[in-house]
Amino acid sequence: PPVLRGLTFPGQPLGSAAQFRDNPDGSHSRDSLHETSMKKLLIVAMLLSLPAAAEDTRQLARLTPQAQEVLRQEMLDNLIAINEVLALVAANKVKEAGEVAEARLGRSAMGKNARLPFEARPGPQMPAAMHDLGRNGHLAASEFAAAAAGGDRERALALLPKLTENCVACHASYRTR
């Protein structure tokens, strides 16, 4: 049966807490309580430093709360549309996938927030490069839609990754909070 090493159990005397380690020669040796405590302290210190190492370094796009909410809903709608496009392509309904891509993601979907009050419009509040990524995403969707509408399944499949390329670049580069 396997030997449990480095475990302490309720009721075990504190002084008997020891860690066993395997030596290169196959023998086992016992760490002192002090060595074990130091190792645990080092592990805790490393774990405490993780949040600083995992700090979000993406550029903050300062949007009003209203614009953040509009953008969040738009991103959710886009994700749903991309999922629908993928499902249609998988079902070999390429022309229908192109129609969805154009209507909900392509040039046809651009400017839908123009009627909103300025404080609710994300586009004008974004850094220029972030806004460019959004526009390029719409253009990529229209390019996919054109290939799909023409029935060119192979070209449409080749353009499919471009539907999310700008999304990924934007989300990897920017944050809103």
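None of the values given here were measured: they were computed from a predicted structure. When reading the values below, keep in mind they use all heavy atoms of this one structure, side chains included, and skip hydrogens, waters and symmetry mates.
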May I ask whether Leu86 and Leu163 are part of the same hydrophobic cluster, defined by side-chain heavy atoms of I, L, V, M, F, W, Y residues being less than 4.5 angstrom apart, directly or through others? yes
For the atom pair CD (Gln59) and SG (Cys170), what is the distance rounded to the nearest 0.5 Å? 10.0 Å
Determine whether Leu160 and Val85 make a side-chain contact, defined as any pair of heavy atoms from C-beta on separated by less than 4.5 Å. yes
Please list, chain by chain and in numerical order, all residues satisfying salt bridge (charged side-chain N to carboxylate O under 4.0 Å, His left out) with Glu74, sequence neighbours excluded. none
Any idea which heavy atoms bring Gly98 and Ala145 closest together, and the distance? O-CB, 3.2 Å
More than 12 heavy atoms of other residues, nucleotides or ligands under 6.0 Å from NZ of Lys112: yes or no? yes
Which pairs count as side chain to side chain donor-acceptor pair (under 3.5 Å) when at least one residue sits in residues 156-177, sequence neighbours excluded? none
Please tell me whether Thr64 and Glu119 have a donor and an acceptor in their side chains that are separated by less than 3.5 angstrom. no
Under 3.5 Å: donor-acceptor pair, side chain of Glu96, backbone of Leu88: no
Given Val70, Leu116, Leu63, the one that forms side-chain contact (heavy atoms from CB on, under 4.5 Å) with Arg121: Leu116
Which heavy atom of Arg155 sits nearest to which heavy atom of Ala147, and what is that distance? CG-CB, 3.6 Å
Could you walk me through whether Val94 and Leu157 pass the side-chain contact (heavy atoms from CB on, under 4.5 Å) test, one step at a time? CA-CA 9 Å; Val94 179; Leu157 285 174; over 6 Å; no
Taking the side chain as every heavy atom from C-beta outward, state whether Val89 and Phe144 have any atom pair closer than 4.5 Å. yes
Summary of side chain to side chain donor-acceptor pair (under 3.5 Å) pairs that have at least one residue in residues 82-94, sequence neighbours excluded: Glu84-Arg104, Asn92-Arg153
For the CZ atom of Arg135 and the CE atom of Met126, what is their distance to the nearest 0.5 Å? 9.5 Å
Closest heavy-atom pair, Asn113 versus Pro122, reported as atoms and distance to 0.1 Å, is ND2-CD, 3.8 Å
Check: Leu105 main-chain N/O paired with His138 side-chain donor or acceptor under 3.5 Å: yes
Do the non-hydrogen side-chain atoms of Met75 and Leu71 ever get within less than 4.5 Å of each other? yes
In terms of heavy-atom contacts, does CZ of Arg62 have more than 12 from other residues, nucleotides or ligands at under 6.0 Å? no
Would you indicate whether the side-chain heavy atoms of Cys167 and Asn78 approach each other to under 4.5 Å? no
Minimal heavy-atom distance between Glu102 and Ser142, with the atoms involved, is OE1-OG, 2.7 Å
